[in-house]
Amino acid sequence: MSISVTHVTKTYGAQKALDNVSFTINQGEIAAFIGPNGAGKSTMMRIITGFLATDTGEVTVCGLPTGPGMTEVRRLIGYLPENNPLYTEMYVREYLGYVADIYKMGRKRKEAVNTVIERTGLAPEQNKKIGSLSKGYRQRVGLAQALIHNPQVLILDEATTGLDPNQIIEIRNLISELGTERTVRLSTHIMQEVEAICSRVIIIDHGHIVADGPLAEISALAGASLEDTFRQLTGK
């Protein structure tokens with residue numbers, strides 16, 4: 001298994017953001033992690049990527065424990081956060097080269113930058129400053145930086161935010177392609193996106209996993225659509 005979460009609890013003061021959460025996601029699986037605002041999605045994502053420590057429980061990625069200071073495991077993860085922080089004064093190619101340098105890619109740097117620009121459709125904009133790009137192309141830059149070091153696990157938060165319909169289709173196709181060779185954990189509020197590219201759905205509400213299984217099984221719980229099941233289980 002690529003991502004293993006075992007009995008994880010995380011509190012902020014008196015509030016439990018995560019309460020005894022357990023799940024696994026295997027290689028070659030695209031798993032949607034969905035829930036209402038405040039359900040614990042972002043906290044879980046930050047724990048998996050090693051930016052937050054658990055109060056109790058264990059998280060491993062490709063067999064390595066995660067957590068603050070665990071730099072080795074971060075090389076295995078590509079992370080696209082929802083707010084997609086970028087250096088807007090840098091040029092696209094310059095920025096991706098900078099990210100490649102962070103991962104100490106050395107002689108593979110140029111090839112990696114060229115490959116990820118091609119895969120994410122950034123070629124027409126590669127010599128522009130990031131600050132001059134549309135929101136859709138900025139999102140592509142964020143996805144490119146998550147892919148540049150060829151990670152085994154991708155953590156994507158609202159990956160198609162700001163894209164036009166044609167771009168959404170292109171990025172969904174790319175995520176589907178990447179999911180055949182990597183583990184992908186996708187958070188999104190768009191149920192059509194889950195139905196289009198995910199094979200597995202994990203629903204979280206108030207820090208608890210309320211459903212976890214193949215897309216078809218989760219959709220059938222309410223006897224109709226995934227959206228109906230989501231509303232029934234979360235009250236949203």
Side-chain angles (χ1 to χ4, degrees), residues 2-3 25 27-35 41-42 44-45 48-49 76-88 90-100 103 111-202 215 219 226-227 230:
S2 292
I3 299 174
I25 305 176
Q27 183 177 357
E29 197 167 35
I30 303 177
F33 196 75
I34 59 177
K41 301 187 303 296
S42 294
M44 190 73 259
M45 192 172 300
I48 292 173
T49 53
L76 303 174
I77 300 171
Y79 179 34
L80 174 62
E82 182 178 6
N83 60 358
N84 189 15
L86 298 168
Y87 293 107
T88 56
M90 296 181 77
Y91 294 91
V92 171
R93 178 172 284 277
E94 176 190 17
Y95 171 71
L96 294 174
Y98 167 73
V99 175
Y103 287 106
E111 180 184 355
V113 171
N114 289 338
T115 297
V116 82
I117 284 175
E118 183 64 30
R119 293 197 82 174
T120 56
L122 280 168
E125 311 293 320
Q126 61 182 303
N127 296 314
K128 292 183 180 180
K129 281 191 174 183
I130 293 172
S132 71
L133 300 180
S134 67
K135 187 174 181 181
Y137 271 108
R138 290 191 193 193
Q139 196 71 357
R140 289 174 183 241
V141 174
L143 184 57
Q145 66 78 28
L147 291 172
I148 198 162
H149 58 298
N150 196 28
Q152 296 182 40
V153 173
L154 281 174
I155 308 293
L156 307 177
D157 194 2
E158 303 293 343
T160 59
T161 296
L163 304 184
D164 65 36
N166 288 332
Q167 292 172 331
I168 287 173
I169 292 171
E170 291 171 5
I171 296 301
R172 285 179 182 175
N173 288 341
L174 175 58
I175 294 171
S176 296
E177 177 188 339
L178 294 168
T180 63
E181 55 197 46
R182 295 171 175 81
T183 302
V184 180
R185 179 191 178 281
L186 175 72
S187 287
T188 180
H189 288 90
I190 305 171
M191 295 302 163
Q192 296 94 327
E193 190 155 284
V194 175
E195 293 170 330
I197 62 178
C198 296
S199 56
R200 163 114 170 268
V201 179
I202 302 169
L215 173 62
S219 297
L226 175 62
E227 188 167 357
F230 179 83

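Please read all numbers here as calculations on a predicted model, not as lab measurements.
With S134 contributing its side chain and Y137 its backbone, the two residues share a donor-acceptor pair below 3.5 Å. Under a 3.5 Å cut-off, the side chain of E29 and the backbone N or O of R185 do not form any donor-acceptor pair. Checked by atom type and distance alone, the side chain of T180 pairs as donor or acceptor with a backbone atom of E177 at under 3.5 Å. H149 contributes a side-chain N or O that, together with a main-chain N or O of I77, makes up a donor-acceptor pair within less than 3.5 Å. With E193 contributing its side chain and E158 its backbone, the two residues share no donor-acceptor pair below 3.5 Å. Using a distance-only test at 3.5 Å, with no hydrogens or angles considered, no donor-acceptor pair links the side chain of E118 to the main chain of T115. A distance-only check finds no donor-acceptor pair linking the side chain of D157 to the backbone of S42 [under 3.5 Å].
The environment of OH in Y91 is sparse: at most 12 heavy-atom neighbours from other residues, nucleotides or ligands sit within 6.0 Å. Within a 6.0 Å radius of CD in E181, more than 12 heavy atoms belonging to other residues, nucleotides or ligands are found.
Of the inter-residue distances, the one linking I148 atom CD1 with R119 atom CZ reads 12.5 Å to the nearest 0.5 angstrom. Rounding to the nearest 0.5 angstrom, the gap separating the CD1 atom in I175 from the CD1 atom in I171 is 6.5 Å. Atom CG in L122 sits 3.5 Å away from atom OG1 in T120 (nearest 0.5 Å). Atom-to-atom distance recorded for I30:CD1 and L186:CG is 8.0 Å, nearest 0.5 angstrom.
Note: Y87 and Y98 have perpendicular aromatic rings, judged against thresholds of 30 and 60 degrees for the angle between ring planes.
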Q | Pair R182-N150, side chain to side chain contact (heavy atoms under 4.5 Å, CB included): steps then yes or no | A | CA-CA 9 Å; R182 295 171 175 81; N150 196 28; 2.2 Å; yes
(Q) Q152 vs T183, test: side chain to side chain contact (heavy atoms under 4.5 Å, CB included). Steps then yes/no. (A) CA-CA 6 Å; Q152 296 182 40; T183 302; over 6 Å; no
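Remark: E125 does not engage R140 in a salt bridge, criterion side-chain N to carboxylate O under 4.0 Å.
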